[in-house]
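Only heavy atoms go into these numbers, but all of them, side chains included; no hydrogens, no water, no symmetry mates. Only a predicted model underlies this, so the values are computations on that prediction, with no experimental measurement involved.
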Amino acid sequence: MSSNTRVGKPDYYEVLGVARDASDQELKSAYRKQALKHHPDRNPGDHAAEEKFKQASEAYQVLCDPEKRAVYDRYGHAGLGGSGFGSSPFAGGVDISDIFGDLFGEMFSMGGAQRQSRQQRGDDLRFDLTIEFEDAIFGVEKEIKIRRLELCVTCKGSGSVSGRGPSICSHCQGRGQFRYQQGFFSVARTCNVCGGSGKVIGDPCTTCRGEGRAAVEVKLHVKVPKGVEDGTQIRFTGEGDAGRAAGPKGDLYVVLSIKKHEFFERRGNDLHCVIPISFPQAALGAEFEIPGMDGAVQVKIPEGMQSGRELRVKGRGVPHLNERGQGDLVVKVMVQTPRKLTKAQRDLMTKLSETMSVDNRPSSPGLLDRVKDLFN
C-alpha cells in the first residue's frame, strides 16, 4: 500500500498516473504515454525528462511483474529489497529492448523493428475496370494491363550485377545497429549505411538499382462472375507487387464500374423497366413480347390495367452472385393518352363516352388504390 512507501520516493502508481487496480493493458498504455513524452531522444540535454523516463521505466518494470507488484502493493518500496530510482531495475542482464521492444520498435531499433533483411510482403494493387450492363449479369472475361514490381530479370532478384547478392556491412559488422549506454540502460541505433539490414550490395544492378525488383507491364485475364454489382471488388491473390527479399507477393483488387442500360434499371437482383400501352390495351387486356436481357419476354396485360401498376415476371432478373437463383423482371405499365385523334377515332371515343359515366368529384390521393374499376 502507498503508506508503506518510503518518504521522498514517488509512488509507482502515481508515476504512471493509474489507479491501484489498473489492468495490464492500462499499465502498458500509461507507460507508453510517459516514455514517449520523456524519452531522452526526444528531450536531448533535459535531465528532468531523463529522470522522469527512468522513474516511469522502473515503475512499469515492477508493476508489470505480478510477483513484484504483489510485494509492492503489500510492503511498498521496502519490500523490493531497496531497489529504487537510484539503481537500475534492469540489473542482471535484462535488456530494455526485450521488455519494451513491442512498444518502441522504432525508438530502440530492436525487437519490434523490422530489419530490411527480413522478407516483406509485396504491396496490394488496385485496378478500376468498367464493364457493360450485360457483362455484370452474364459474367465476362477481360484482358487488362497493369504495372507491378516483379523480380528483376537482370539480376534475378539478387540486386547485384554479379549475382552474389549482399555482403556483410563492414560499418556495423552485420549487426544492423549500434548499441550505446544512456543512463542505466542500453539503446540501439540503426546503421545508416545498411539501413538496419546488416548487409550491403557492393555492385548494385543497374536495372533495379540494387532493389531486386523492377516495374514491368503485364497482361492478365480477369474473370468477372455473374451477378456482380457496381463497386464490387474482386481479389486476385498473388497478382500484386513482388515482395522484398523473396517475400510473398501482394494481391490485386479489381474494382468494377458498370455502365447504365438503355432502358433496364437494376435494383438488387431485380430488373425494372417501363412499357407504354394504349387505352384499348389497358381496357381490353393484351399480350405482347418485349426484349429481355436473356431473350424475349411474353407480357400479359389483364383487362382494366391501371396506369402505373407493375407486373412481375419471375426468374428473368439478375443471377445471385455466387449463389443459385435469379431475381425478377418488374414491368411498370404506363397508359398513353393520344395527343391527336382522327375524325373516325373521335367519333368512336364520343360514342364510348356516352355509354360510360364517371363521378368526377375529388378524392383523397390515399383512396385511389381502393377505387373500383370504373370501366367494368
Side-chain angles (χ1 to χ4, degrees), residues 28 31-32 35-36 38-47 49-51 53-54 56-58 60-61 64 87-123 149-215 241-250:
K28 189 173 184 179
Y31 173 60
R32 179 197 297 269
L36 288 175
H38 301 297
H39 192 273
D41 284 354
R42 293 192 173 186
N43 304 274
D46 189 338
H47 297 294
E50 181 178 352
E51 185 65 20
F53 179 78
K54 292 178 181 180
S57 298
E58 179 178 326
Y60 180 71
Q61 168 68 358
C64 73
S87 60
S88 171
F90 307 108
V94 180
D95 194 333
I96 190 171
S97 63
D98 295 331
I99 300 174
F100 306 116
D102 60 328
L103 294 177
F104 307 106
E106 290 187 5
M107 184 177 293
F108 296 107
S109 300
M110 292 288 292
Q114 293 185 349
R115 296 187 183 182
Q116 293 183 6
S117 61
R118 297 180 181 177
Q119 289 187 343
Q120 294 182 20
R121 182 179 180 275
D123 291 335
L149 294 175
E150 292 194 345
L151 290 181
C152 177
V153 296
T154 304
C155 64
K156 296 182 175 56
S158 67
S160 65
V161 174
S162 63
R164 292 192 300 267
S167 57
I168 299 298
C169 176
S170 59
H171 190 62
C172 65
Q173 305 302 316
R175 290 187 295 271
Q177 54 191 212
F178 292 96
R179 191 180 286 272
Y180 67 96
Q181 289 296 126
Q182 183 165 334
F184 62 90
F185 56 87
S186 171
V187 176
R189 290 283 190 184
T190 300
C191 175
N192 59 359
V193 174
C194 64
S197 67
K199 298 179 181 180
V200 294
I201 296 177
D203 56 342
C205 171
T206 56
T207 301
C208 65
R209 300 181 180 181
E211 169 73 13
R213 304 180 300 171
D241 284 342
R244 294 178 182 271
K249 291 184 176 181

> To the nearest 0.5 Å, tell me how far Lys249 NZ sits from Leu149 CG.
11.0 Å
> Would you mind checking if Glu58 and Lys54 are paired as a salt bridge, meaning a charged N to carboxylate O distance below 4.0 Å?
no
> Parallel, tilted or perpendicular: which describes the rings of Phe53 and Tyr31, with under 30° parallel and over 60° perpendicular?
tilted
> Between NE2 of His39 and OG of Ser57, what distance do you get to the nearest 0.5 Å?
8.0 Å
> Using salt bridge (charged side-chain N to carboxylate O under 4.0 Å, His left out) as the criterion, list what pairs up with Glu211, not counting sequence neighbours.
Arg213, Arg244
> Where do Val161 and Pro204 come nearest, in terms of heavy atoms and distance?
CG2-O, 3.4 Å
> If you look at every heavy atom in Val200 and Ile168, which pair is closest and at what distance?
CG2-O, 4.4 Å
> Minimum heavy-atom separation for Asn43 and His38, please, with both atom names.
ND2-C, 3.4 Å
> Please output the side-chain donor-acceptor pairs of residues 151-159 that fall under 3.5 Å, not counting sequence neighbours, one pair per line with the distance.
| residue | atom | partner | partner atom | Å |
| --- | --- | --- | --- | --- |
| Thr154 | OG1 | Thr207 | OG1 | 2.9 |
| Ser158 | OG | Cys155 | O | 2.8 |
| Ser158 | OG | Ser160 | N | 3.3 |
| Ser158 | OG | Ser160 | O | 3.4 |

